[in-house]
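These notes concern the structure reproduced below.
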Protein chains: 2
Amino acid sequence: MENEVDGLDKRKAYILATVVYEYIATGEPVGSQALTQKYNLGVSSATVRNEMADLEAGGYLEQPHTSAGRVPSDAGYRTYVDALMSPEELGADERRRIRDEMRDARAQLDEIVEQSSRLLGRLAGNLAFVTKPQSDTQSFRYAQLIWIADRSGIAIIVTSLGVASQSLFELRNDVTPDDLTRLSNALNAHFAGRLLRDCDDRTLTTVTKSCGFGDDMSAAVRAAFVGARTQEQPGISASGAQHLLDQPEFRDVRKLRSILRILEEQRTLYDLVADAFDSPSASVKIGHELGSEELADLSLVTVPYRFGERAVGMLSILGPRRMPYARLLALASGTAETLSERLHDVEVK
Amino acid sequence: MENEVDGLDKRKAYILATVVYEYIATGEPVGSQALTQKYNLGVSSATVRNEMADLEAGGYLEQPHTSAGRVPSDAGYRTYVDALMSPEELGADERRRIRDEMRDARAQLDEIVEQSSRLLGRLAGNLAFVTKPQSDTQSFRYAQLIWIADRSGIAIIVTSLGVASQSLFELRNDVTPDDLTRLSNALNAHFAGRLLRDCDDRTLTTVTKSCGFGDDMSAAVRAAFVGARTQEQPGISASGAQHLLDQPEFRDVRKLRSILRILEEQRTLYDLVADAFDSPSASVKIGHELGSEELADLSLVTVPYRFGERAVGMLSILGPRRMPYARLLALASGTAETLSERLHDVEVK
DNA sequence: CCTTCGCACTCGCTTGCTCGGAGTGCTAAA
DNA sequence: TTTAGCACTCCGAGCAAGCGAGTGCGAAGG
């Protein structure tokens with residue numbers, strides 16, 4: 001059926017698209033007359049009324065109260081995002097500005113991530129957050145075991161993005177600084193360039209023992225690698241919450257509270273993007289799709305960023321369901337791209 | 001003048017104290033009748049009216065509009081905090097609960113600091129924030145220079161609180177891993193236990209050169225120490241912004257925006273407590289004393305916490321000017337005390 | 001001379017009301 | 001199947017009245 005979209009005939013689809021578009025632009029429930037006046041639909045308001053009634057019956061639109069205009073439902077937005085809206089691209093000048101602003105950050109992982117969340121929050125006029133690169137997708141660069149006392153030391157592990165993690169260890173038997181250097185060299189030789197998640201416990205143990213160390217040292221080495229893998233937990237930088245205050249949907253202060261709470265609990269914030277991690281491309285979650293009644297009138301746009309070929313983290317925008325999806329997707333993608341490029345500046349070669 | 005406080009006779013002082021107390025409790029402008037009814041002042045409302053008029057002339061009270069009750073001015077709160085209110089102490093059970101909750105955090109510097117800001121935010125029902133220990137008040141524990149290639153490496157510095165900082169360096173001449181180990185050992189021997197801020201550039205250079213290295217290596221070592229000193233910048237953990245929404249003074253959303261903005265700019269947040277760093281004990285800033293029109297109807301309570309004898313960071317509570325000062329001071333002090341204790345758990349001995 | 005009483009006056013907030021505008025659904029005609 | 005017309009619904013802005021809490025002041029009392 002060439003002239004059907006998602007089970008809607010062409011006219012219905014067009015009317016739905018127009019309603020969503022208009023509602024996103026104005027924030028006011030949109031009525032049949034207003035629509036026919038502002039857009040050239042080629043039919044009268046009465047026809048639009050009938051179509052709107054159908055769309056409401058189909059679950060795409062909702063009516064706040066009897067004599068008001070229509071507002072998109074979750075399903076309405078979903079159809080709009082998936083099939084109706086025209087994707088946006090950033091202009092060359094916008095790309096350039098993003099790149100310029102990203103240059104302000106020093107070549108430090110944390111700073112680059114923070115800068116991109118600030119930038120995205122400001123450009124998008126919404127709450128933006130960026131997860132730091134998952135450490136288990138980074139690769140191992142160097143390990144160094146530092147001798148502190150006969151039976152204790154510090155293990156330092158440096159990843160491809162220059163994030164060092166450290167862990168103290170205690171041993172049952174004496175070691176010398178030279179022993180530790182020997183083991184460091186063996187680890188470096190064996191694991192150089194490997195993904196952290198591929199540095200499995202068994203191999204670590206084998207390498208350690210082959211240098212003549214016992215169980216205590218193997219355990220210490222394994223713990224150090226576990227620390228490096230899970231280090232910085234998720235690690236999220238968020239920014240732009242103040243923009244949410246401008247949105248009329250947050251006149252009601254209670255909704256703000258949910259957001260602030262979520263903002264402070266990084267755990268929850270992370271859960272929101274967690275399942276987007278599996279998808280290689282942009283993802284949009286609308287209203288109840290976020291899985292929480294508190295967040296029911298928000299939407300989330302999530303875009304991955306890469307280090308080399310690998311997706312290592314996510315940029316997200318959280319805002320009212322009534323958000324300019326096409327525009328925000330374009331902004332998030334553009335920022336993700338620039339962030340990906342800048343990651344190479346912090347790479348430990 | 002035994003019966004004068006801050007230029008006010010005893011009765012005026014008592015009335016001022018009662019007005020502030022009542023206003024803090026209710027949030028409503030307090031009138032003369034209400035006051036005489038609720039508190040046993042021993043005089044009639046008419047007398048109170050006269051006294052209130054005097055207090056207003058003296059700048060201690062203000063009237064939102066002609067036929068409303070009185071509200072404390074900055075000066076009124078100031079007098080109350082300095083001279084009138086009775087200090088509060090935490091009960092034994094409250095202390096115990098704070099200690100228990102702090103135990104939930106793992107023995108990691110960041111986690112302990114975050115936990116205390118969360119805890120304080122919740123207990124105080126306001127925005128709380130805690131600066132991480134200034135690194136230049138920590139002492140040097142270990143340095144390790146790691147060889148990466150003939151002319152580059154990573155310098156790792158570990159402080160007394162276990163915070164490692166790292167910096168990459170490039171050299172003009174080849175070095176061997178052994179060279180770097182030798183230098184690491186020299187640095188460790190020379191600076192062990194010193195405060196970071198006392199590891200001055202000149203001495204660093206001397207030690208480096210005495211191991212036979214050139215200017216490039218000295219510069220790298222100096223840079224590494226600078227990195228360790230200024231590392232984590234100020235570093236602030238904030239929590240509890242959602243409580244502010246409960247305060248009636250934030251019905252107006254614009255005020256919230258200033259706060260959210262400040263919250264995201266750690267710089268500003270840090271500036272707020274910066275000058276409290278000099279004072280060894282608790283400090284209170286009221287309204288305009290915060291130095292910004294945006295923050296004019298907020299107050300800030302700041303209390304230092306210690307590592308050993310030294311004040312290394314600050315706990316602060318930011319909330320409406322109408323805050324229970326005595327209570328919040330007690331809570332902040334109690335939390336600071338517990339935080340100070342827990343710091344010893346993360347000490348690298 | 002300080003305190004108290006009584007009184008007239010001032011505001012801001014709440015409640016109730018009206019009224020206009022925008023939108024709907026339905027019916028009948030094109 | 002589309003359109004025009006019409007009666008109906010509902011929200012929200014605007015206005016007026018009344019209430020309550022509070023003030024300031026002049027006169028009376030200890």
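Chain identifiers are assigned alphabetically (A, B, ...) following the order of the sequence lines, protein sequences preceding nucleic acid strands; residue numbering begins at 1 within each chain.
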Out of [options], whichever nucleotide has its closest atom nearest the side chain of [X]:
X        : options                   : answer
Gln33(B) : dC5(C), dA21(D), dG23(C)  : dA21(D)
Ala34(A) : dC11(C), dT23(D), dG23(C) : dG23(C)
Asn50(B) : dT4(C), dC26(C), dT3(D)   : dT4(C)
Arg49(B) : dT3(C), dG24(D), dT3(D)   : dG24(D)
Ala46(B) : dC11(D), dC5(C), dT2(D)   : dC5(C)

Across the strands shown, which category fits [X] at heavy-atom distances under 4.0 angstrom: base, sugar-phosphate, nothing?
X        : value
Gln63(B) : sugar-phosphate
Ser32(B) : sugar-phosphate
Ala68(A) : sugar-phosphate

[N] phosphate, OP1 or OP2, under 4.0 Å from [X] side-chain N/O:
X        : N       : value
Ser67(B) : dA21(D) : no
Arg70(B) : dA21(D) : no
Arg11(A) : dT2(D)  : yes
Thr66(B) : dC11(C) : yes

In plain terms, say whether Arg97(A) and Asp93(A) are close enough for a salt bridge, that is, a side-chain N and a carboxylate O under 4.0 Å apart.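 Judged by the 4.0 Å cut-off on N to carboxylate O distance, Arg97(A) and Asp93(A) do not form a salt bridge.
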
Pair Arg327(B) + Glu94(B): basic N to acidic O under 4.0 Å: yes

Ring-plane angle category for Tyr23(B) and Tyr77(B), please: parallel below 30°, perpendicular beyond 60°, tilted otherwise. tilted

Specify the separation, in whole Å, of atom [atom1] of [X] and atom [atom2] of [N].
X        : N       : atom1 : atom2 : value
Met52(B) : dG22(D) : CE    : C1'   : 10 Å
Lys38(B) : dG22(D) : NZ    : P     : 11 Å
Glu51(A) : dG25(C) : CD    : C1'   : 15 Å
Glu56(B) : dT23(D) : CD    : P     : 9 Å
Lys12(A) : dT1(D)  : NZ    : C1'   : 12 Å
Gln37(A) : dG23(C) : CD    : P     : 8 Å
Glu22(B) : dG22(D) : CD    : P     : 10 Å
Asp9(B)  : dT3(C)  : CG    : C1'   : 14 Å

Apply salt bridge (Lys or Arg N to Asp or Glu O under 4.0 Å) to the pair Arg118(B) and Glu264(A), showing each step before the final yes or no. CA-CA 9 Å; Arg118(B) 265 199 300 274; Glu264(A) 287 182 0; over 6 Å; no

OG of Ser258(A) to CG of Leu245(B): how many Å apart, nearest 0.5 Å?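 Between Ser258(A) OG and Leu245(B) CG, I get 9.5 Å after rounding to 0.5 Å.
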
